[in-house]
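Here the structure is a predicted model, which means the values were calculated and not measured.
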Amino acid sequence: MSGTGEVITILPVSECWELLKSVTLGRLVTSVDGRPQIFPVNFVVQRRTILFRTAEGTKLVSAAMNNQVLFEVDDHTAVEGWSVIIQGRARSLRSDEEIEEADRAQLLTWIATEKKHYVRILPDLVTGRRFRFDRPSPSEPLQ
């Protein structure tokens with residue numbers, strides 16, 4: 001491939017948080033009955049944590065039972081892409097103060113199902129990468 005510079009760049013944590021704030025859909029990765037599960041969730045960043053809402057069910061139970069989770073977001077354009085992964089602990093919000101703070105985030109659900117439960121992911125590790133989609137020059141053969 002032609003081009004100059006790095007194809008993959010490791011992102012500083014501050015840039016990872018800025019990228020997280022720029023999107024609203026992520027993927028929660030947890031375990032159900034010892035098997036990995038992935039759930040798409042809409043979310044917001046609040047105080048360098050991830051906040052999402054959910055209804056009763058597998059997602060809520062698995063996040064509560066397996067408080068160690070992964071959360072991934074990504075995006076791309078025609079010339080580059082990026083990915084941010086958070087390793088952290090999920091916890092359901094229970095106290096009135098926690099729920100009032102979460103309500104201030106104005107996290108809207110995408111569908112009309114009732115999602116009464118807030119879950120917050122407290123990060124232990126935040127990592128990110130930016131990928132440059134290098135294209136071969138017209139004179140280079142495709143491989």
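Both Leu20 and Phe39 sit in one connected hydrophobic cluster of ILVMFWY residues. Membership requires side-chain heavy atoms under 4.5 Å apart, directly or through other members. Residues Val84 and Ile10 do not share a hydrophobic cluster, defined by chaining ILVMFWY side chains whose heavy atoms lie under 4.5 Å apart. The hydrophobic cluster containing Val69 does not contain Leu122, counting ILVMFWY residues as joined when their side-chain heavy atoms lie under 4.5 angstrom apart, directly or transitively.
Taking all atoms of both residues into account, the shortest heavy-atom contact from Val119 to Ser92 is CG2-OG, 4.3 Å. Considering every non-hydrogen atom in both Ile8 and Arg129, the closest pair reads CG2-CD, 4.0 Å.
Taking 4.5 Å as the limit, every side-chain heavy atom of Trp82 sits out of range of all side-chain heavy atoms of Thr9. Under the 4.5 Å side-chain criterion, counting only non-hydrogen atoms from C-beta, Leu51 is not in contact with Glu101. Between Phe133 and Thr77 there is no side-chain heavy-atom pair separated by less than 4.5 Å. Residues Ser14 and Arg48 form a side-chain contact, since some pair of their non-hydrogen atoms from C-beta on lies under 4.5 Å apart. When side chains are defined from C-beta on, Phe52 does not count as touching Asn42, because their heavy atoms never get closer than 4.5 Å. No side-chain heavy atom of Tyr118 sits less than 4.5 Å from a side-chain heavy atom of Glu98.
Judged by distance alone, the side chain of Glu15 and the main-chain N or O of Pro12 form no donor-acceptor pair under 3.5 Å.
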Going through the checks in order, is the side-chain contact (heavy atoms from CB on, under 4.5 Å) test met by Ile121 and Leu28? CA-CA 10 Å; Ile121 299 175; Leu28 172 69; 3.9 Å; yes

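Note on residues 19-31: pairs passing salt bridge (Lys or Arg N to Asp or Glu O under 4.0 Å), not counting sequence neighbours, are Glu18-Lys21, Arg27-Glu72, Arg27-Asp74.
Among Leu11, Ile86, Val73, the one residue that satisfies the side chain to side chain contact (heavy atoms under 4.5 Å, CB included) test with Cys16 is Leu11.
The hydrophobic cluster containing Val29, built from Ile/Leu/Val/Met/Phe/Trp/Tyr side-chain heavy atoms closer than 4.5 Å, also comprises Ile38, Leu70, Ile85.
Between the side chains of Arg120 and Gln46, at least one donor N or O lies within less than 3.5 Å of an accepting N or O.
Ring planes of Phe43 and Phe71: perpendicular class, angle over 60° (limits at 30 and 60°).
Atom CD in Gln68 sits 7.0 Å away from atom CZ in Arg89 (nearest 0.5 Å).
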